[in-house]
There are 2 protein chains.
Amino acid sequence: MSWRKEQRRAERGYHHGNLKEALLQAALGLIAEKGPGGFTFADAARMAGVSPAAPYRHFRDRDELLSNIAQRGFELFEQALAKAWDDGRPDTVTAFMRVGRAYLAFARSEPAYYSAMFESGVPVDQNPLLMTASERAFNIIRAAAERLAALTPPGVARPPALMMALHIWSMSHGIAALFGRGDGARRKLPMEPEELLEAGVLIYLRGLGFSTETAAETEKPAEATRSGPWGPAPK
Amino acid sequence: MSWRKEQRRAERGYHHGNLKEALLQAALGLIAEKGPGGFTFADAARMAGVSPAAPYRHFRDRDELLSNIAQRGFELFEQALAKAWDDGRPDTVTAFMRVGRAYLAFARSEPAYYSAMFESGVPVDQNPLLMTASERAFNIIRAAAERLAALTPPGVARPPALMMALHIWSMSHGIAALFGRGDGARRKLPMEPEELLEAGVLIYLRGLGFSTETAAETEKPAEATRSGPWGPAPK
DNA sequence: AGCTCATGTGAAGGGCTCTTACATGAGCGT
DNA sequence: ACGCTCATGTAAGAGCCCTTCACATGAGCT
């Protein structure tokens, strides 16, 4: 009956050796499957092959595990955004758009982390480490906005970079939350979320006075009235 | 010991009379307090003064109750947005901005409905009634975008209204989700969410070629380079 | 070799979800 | 007014989960 259990016990001995990590991984899998509410402490323990009480040696309770996942998620998120930003190479606008795509890519490729971060009900502002991790991620966007704001064409009022960052973050987050996940639980879209975000950001930047053609060719003068960021003008 | 229970029973008799509604209200209260994951079928039953099994006469399971709340939420949401839009009176831009504020106001004043709608993990696309209710709400935004798109100045390419609606919806939702709730569980902001959204939408509209001064005065020619939607230009 | 303490186990209390068999009484037809 | 019927509520219970507590194990240090 308890064949598997004894089997596993035999394989690993009384002590697991790396239970904390194993629990985190198990939880990630479960969250990806069934959402942050569906994951169960006992289930994670089962997956790791330990008794239901074992996890309590590593996490005060279920919420603390969730909180740890969210924190790790923010750290990975920061790394992903930082890598996409690449300190503004090859040019600010290109890199900026890449950050937007990275935002959506993260939500899509790491749904478990993403939902732990934003949809699990974990009180971000209660946990300093979580708060810090979250802010560090946001600071990537903010830094990018800062650099972009510095590029405002002459004669145009320079927008507050913080505000820009918040706008971009909000739009990215909104698209990710409403349409951005692979699981069928979200609404369908007549286009890819990435396209939607890219168009939105381009329009937004244009509204701030930037002349954004197709992002790559930042130098050439634009004929920006006949076609828009959403593609060729309808006839 | 079971004084209260008997008391209540005496007050209402064996049959509650309006249990379904009472359960919905109780659930709403619980969700507002503890989030969609924190609410419990048994708790709602207790609040209504009935046994834990009684709710099953009115809802297949816990999820169906949640789903009902979400659906009702979308209906109220639609009403709120429709009222704000007021068919574009007194002018399209003013009404459009009012819709944005209504979006945030709903998220703030009805956090229980809002989280049931967007954060409870209810699969919107699985339930036709929910889907329809959700689409009807979105259609208000879409109709408003349609009207706005029709106003594009001559010489400017007309943007797809659906895309506009999706952008506005996403930004609104992003702001609401990240900063828009009264409960402390969200991030702090150096300004009101409403201001943030209003500025974002104005910038966005300007990016589409609209000349949006302060929204009220849609006729006068703009001197739109010295100051921006975010307030007076910094010195 | 012996100690110690972090790590894991078993058992148990309490709570929740959901099912099944039974109880109650409101509404209806006669 | 009488009695039926069926929607609505109850009691009891199986199964699962969270969490705690006393106890077991063995890895690492002396």
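Note on naming: letters A, B, ... go to the chains in the order of the sequence lines (proteins, then strands), and numbering restarts at 1 for each one.
- For A54(A), whose side chain is taken as the heavy atoms from C-beta onward, the closest listed nucleotide among dA12(D), dT17(C), dG8(C) is dG8(C).
- Between the CG atom of L30(A) and the P atom of dC18(D) there is a distance of 11 Å, given to the nearest Å.
- The shortest distance between the side-chain N/O atoms of R46(A) and the OP1/OP2 oxygens of dC17(D) is below 4.0 Å.
- Checking the phosphate oxygens (OP1, OP2) of dT17(C), a side-chain nitrogen or oxygen of T40(B) falls inside 4.0 Å.
- The nearest whole Å value for the distance from the OH atom in Y56(A) to the P atom in dG10(C) is 17 Å.
- To the nearest angstrom, C1' of dC16(D) lies 12 Å from NZ of K34(A).
- At dA6(C), none of the side-chain N or O atoms of H58(A) fall inside 4.0 Å of OP1 or OP2 (strictly under the cut-off).
- Of the two residues contacting DNA chain C, namely R57(B) and R62(B), the nearest-nucleotide position lying further toward the 5' end is that of R62(B).
- Taking atom CZ of F41(A) as the reference point, atom P of dG14(C) lies 22 Å away to the nearest angstrom.
- P52(B) comes within 4.0 angstrom of nothing in the nucleic acid, heavy atoms only.
- Atom CG in L23(B) sits about 14 Å away from atom P in dC18(C), given to the nearest Å.
- The residue D61(A) sits close only to the backbone: its heavy atoms come under 4.0 Å of sugar-phosphate atoms, none of a base.
- A donor atom on one side chain and an acceptor atom on the other are not found under 3.5 Å apart for E75(A) and Q79(A).
- No donor-acceptor distance shorter than 3.5 angstrom exists from the side chain of H173(B) to the backbone of G174(A), with no hydrogens or angles considered.
- Among dT9(C), dG9(D), dC17(D), the nucleotide with an atom closest to any side-chain atom of D43(A) is dC17(D).
- Below 30°, between 30° and 60°, or above 60°: for F118(A) and Y114(A) the angle between ring planes is between 30° and 60°, a tilted geometry.
- Taking the ring centre of F59(B) as origin, the terminal cationic atom of K20(B) falls inside the region bounded by 6.0 Å and 45° from the ring axis.
- Nucleotide dC18(D) holds its P atom 14 Å from the CZ atom of F59(A), rounded to whole Å.
- No donor-acceptor pair closer than 3.5 Å links the side chain of S134(A) to the backbone N or O of L130(A).
- Distance M47(B) CE to dC16(C) C1': 16 Å, rounded to the nearest Å.
- Using a 4.0 Å heavy-atom cutoff across all strands shown, A42(B) reaches sugar-phosphate atoms only and no base atom.
- As a whole-Å value, the separation of L65(B) CG from dC18(C) P is 11 Å.
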